Trainee: 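Got a structure for you, questions after.
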Protein chains: 2
Amino acid sequence: MKKNNSVSDGDQPAIRAPRAVPSLKGVPMAARVAQRRTLLLDAALEAFGTRGYHAVTVREICAGARLSERYFYESFKSLEALFSALYLQLNEQLKTATLAALMVAQLKTASGPDRERIDALARAGLRVLLEFIRDDPRRARVMLIDAISISHGVGRISGQITREYAELTQRFIEQLFPNADARGIDIGVIATGLLGANIHIATQWVRDGFRPSFEVVLRNNLAIYQALSAFWSGLQPLDTAASAKPPV
Amino acid sequence: MKKNNSVSDGDQPAIRAPRAVPSLKGVPMAARVAQRRTLLLDAALEAFGTRGYHAVTVREICAGARLSERYFYESFKSLEALFSALYLQLNEQLKTATLAALMVAQLKTASGPDRERIDALARAGLRVLLEFIRDDPRRARVMLIDAISISHGVGRISGQITREYAELTQRFIEQLFPNADARGIDIGVIATGLLGANIHIATQWVRDGFRPSFEVVLRNNLAIYQALSAFWSGLQPLDTAASAKPPV
DNA sequence: AAACTTTGACATCGATTGATGTCAATATCC
DNA sequence: GGATATTGACATCAATCGATGTCAAAGTTT
């Protein structure tokens with residue numbers, strides 16, 4: 001970065017202040033770099049999501065985005081930075097969709113009993129997750145598989161996000177089990193297990209070509225929640241006759 | 001590979017059959033290459049288990065094993081082949097230990113009721129898994145993290161092994177839920193979820209420096225099994241007062 | 001001891017990659 | 001229309017890695 005003052009450098013005013021070109025083809029500068037950044041992120045989802053992080057190069061990303069390699073470093077410092085940005089973006093999308101669905105479920109069951117509301121909340125959250133990766137399986141590769149194994153750059157981000165999800169699950173379960181730790185229960189471990197069940201079910205669901213069907217996966221994944229809920233509240237199983245009737 | 005027949009190649013017997021040197025320093029040839037292979041596998045566990053697969057090179061493996069780079073290719077075709085061998089070796093160890101523990105638990109509870117035996121079997125299997133990665137956390141990095149994300153060479157092996165564990169879990173659960181599919185239950189999904197819970201709990205346990213304690217993790221992981229068992233059999237929860245009493 | 005094999009340390013080669021630079025063509029502002 | 005900024009295609013450079021080769025020292029067999 002060289003200062004380009006118009007009146008400096010002794011006696012030669014040959015170097016003049018560079019005129020800022022605010023807009024090109026009608027779009028301002030900031031919008032253009034943002035558009036290029038979006039193109040790079042799209043190409044990143046395609047490349048990372050199909051061939052995996054470690055099989056992708058900067059050149060491939062740029063070729064996929066139809067951009068020169070210089071514009072890669074305009075928006076991202078390295079491949080890992082691009083992956084982190086993509087990972088954070090996908091998590092933001094999932095989190096937004098999840099919170100919206102939980103909000104709706106909360107309103108719809110506000111007047112009902114606690115057990116029904118909790119059941120509806122779990123079902124809504126699981127549905128969003130499964131829809132999220134069914135609508136674009138590349139997200140599963142990025143979020144559920146690659147993000148975990150990348151070394152200490154993305155690893156800490158991924159670990160942080162995973163911890164956030166675990167805490168979210170944990171707070172959810174705390175409502176499920178009122179006086180849990182009095183009975184020797186560690187809610188953190190239970191929440192970690194439930195989150196792992198969700199992740200693994202979703203991952204294998206993608207791997208097996210979305211078999212079994214969406215509804216079967218959702219119902220059985222939810223059944224694990226119901227089982228824990230019923231187990232610790234000492235109640236009878238929830239209405240499996242109504243919610244677990246097989247359409248197959 | 002050039003044939004070194006002592007009487008061939010026209011008229012020049014200059015090339016003679018290479019004498020086989022069966023033993024050097026008292027150890028025969030086969031034992032020496034086997035020993036070098038073991039050294040490489042040890043170095044692989046150290047390198048892969050601490051820095052991850054994609055951050056390791058052939059040179060590092062050879063330096064760790066204090067072997068020349070030529071002996072790497074004597075036993076393994078590529079880094080991926082070495083990782084596959086290590087992965088298969090670790091799985092073999094875990095499988096052997098697990099089957100042995102299940103055998104003991106089976107014999108100890110053969111005369112008791114089914115529910116107690118199933119509970120003992122699950123506890124024994126989980127205990128072996130947790131001990132396996134506590135005794136050497138590098139195994140967790142290799143088996144639970146890296147093996148999943150490697151592309152189509154190890155990926156298929158890892159997928160196959162994962163599927164085997166899922167089927168083992170599934171067969172275990174089939175005993176838990178006698179007439180499950182009649183109620184719209186997909187045992188495969190449940191088994192996948194339980195396996196994912198085990199894996200994730202173990203992974204996070206290593207990451208968090210083995211906190212909470214071994215017994216707490218084991219008890220709560222087992223509680224998920226117990227909850228599902230109790231849920232589907234319609235029984236009251238198992239004796240949580242006896243098995244879930246916190247020593248902390 | 002001679003002939004041969006095995007071992008170990010190191011060199012070398014080709015290919016790939018990240019990162020930066022070059023340069024002409026195009027678009028914009030004065 | 002001229003000066004400048006932006007864009008795009010491509011070249012270049014240093015570093016790394018996998019894979020193979022070289023060569024002398026040590027060990028073994030006859």
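Please read these numbers as outputs of a predicted model, since none were measured by experiment. Convention: sequence-line order gives letters A, B, ...; per-chain numbering from 1.
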Trainee: Between dG18(D) atom P and L82(B) atom CG, what is the distance in whole Å?
Mentor: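 Going from L82(B) (CG) to dG18(D) (P), I get 12 Å.
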Trainee: Give the rounded distance in Å between these two atoms: CG of L67(A) and P of dG8(D).
Mentor: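 Taking atom P of dG8(D) as the reference, CG of L67(A) is at 7 Å.
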Trainee: Can you tell me if E60(A) and T57(A) form a side-chain donor-acceptor pair at under 3.5 Å?
Mentor: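 The answer is yes; a qualifying pair exists.
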Trainee: Does a donor on one side chain sit under 3.5 Å from an acceptor on the other, for T96(A) and Q93(A)?
Mentor: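 No, no side-chain donor-acceptor pair sits under 3.5 Å.
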Trainee: In this structure, which one of L39(A), V56(A), L41(A) forms a side chain to side chain contact (heavy atoms under 4.5 Å, CB included) with I61(A)?
Mentor: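 Only match with I61(A) under side chain to side chain contact (heavy atoms under 4.5 Å, CB included): V56(A).
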Trainee: Please give, in whole Å, the distance from dG8(C) P to L40(B) CG?
Mentor: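 Distance, rounded to whole Å: 12 Å.
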Trainee: Base, sugar-phosphate, or nothing for R36(B), non-hydrogen atoms under 4.0 angstrom?
Mentor: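 Sugar-phosphate, no base atom in range.
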Trainee: Less than 4.0 angstrom between a side-chain N/O of R66(A) and OP1 or OP2 of dA9(D), yes or no?
Mentor: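 No, outside the criterion.
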Trainee: Among residues at least two apart in sequence or on other chains, which ones pass ring pair (Phe, Tyr, Trp, His ring centres under 6.0 Å) with Y53(A)?
Mentor: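 Once residues adjacent in sequence are excluded, the partners of Y53(A) under the ring pair (Phe, Tyr, Trp, His ring centres under 6.0 Å) criterion are F48(A), F83(A).
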Trainee: Can you find a donor-acceptor N/O pair under 3.5 angstrom joining the side chain of R70(A) to the base of dG8(D)?
Mentor: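 Yes, a donor-acceptor pair under 3.5 Å.
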Trainee: Check the distance between dA27(C)'s C1' and M29(A)'s CE and give it to me in whole angstrom.
Mentor: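 The distance from CE of M29(A) to C1' of dA27(C) comes to 14 Å, rounded to the nearest Å.
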Trainee: Who passes side-chain hydrogen bond (donor to acceptor under 3.5 Å, both in side chains) against Y165(B), sequence neighbours left out?
Mentor: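 side-chain hydrogen bond (donor to acceptor under 3.5 Å, both in side chains) list for Y165(B), sorted by chain: N91(B).
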Trainee: Rounded to whole angstrom units, what separation is found between the CD1 atom of I61(B) and the P atom of dC17(D)?
Mentor: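 I61(B) atom CD1 is separated from dC17(D) atom P by 13 Å.
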Trainee: For F214(A), is the NZ or CZ atom of R134(A) found under 6.0 angstrom from the centre of its six-membered ring and inside 45 degrees of the ring axis?
Mentor: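 Output yes; distance and angle both within limits.
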Trainee: Extract from the structure each pairing of a protein N or O with an N or O of nucleotides 15-19 of chain C at less than 3.5 Å, listing the distance.
Mentor:
from	atom 1	to	atom 2	distance (Å)
dG18(C)	OP2	V58(A)	N	3.1
dG18(C)	N7	R59(A)	NH1	3.1
dG18(C)	O6	R59(A)	NH2	3.4
dA19(C)	OP2	Y73(A)	OH	3.0
dA19(C)	N6	R59(A)	NH2	3.1

Trainee: Between Y71(A) and S68(B), which residue's closest nucleotide on DNA chain D lies nearer the 5′ terminus?
Mentor: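 The residue mapped nearer the 5' terminus is Y71(A).
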Trainee: Round to the nearest Å and state the distance from R32(A) atom CZ to dT7(D) atom C1'.
Mentor: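 Rounding to the nearest Å, CZ of R32(A) and C1' of dT7(D) are 9 Å apart.
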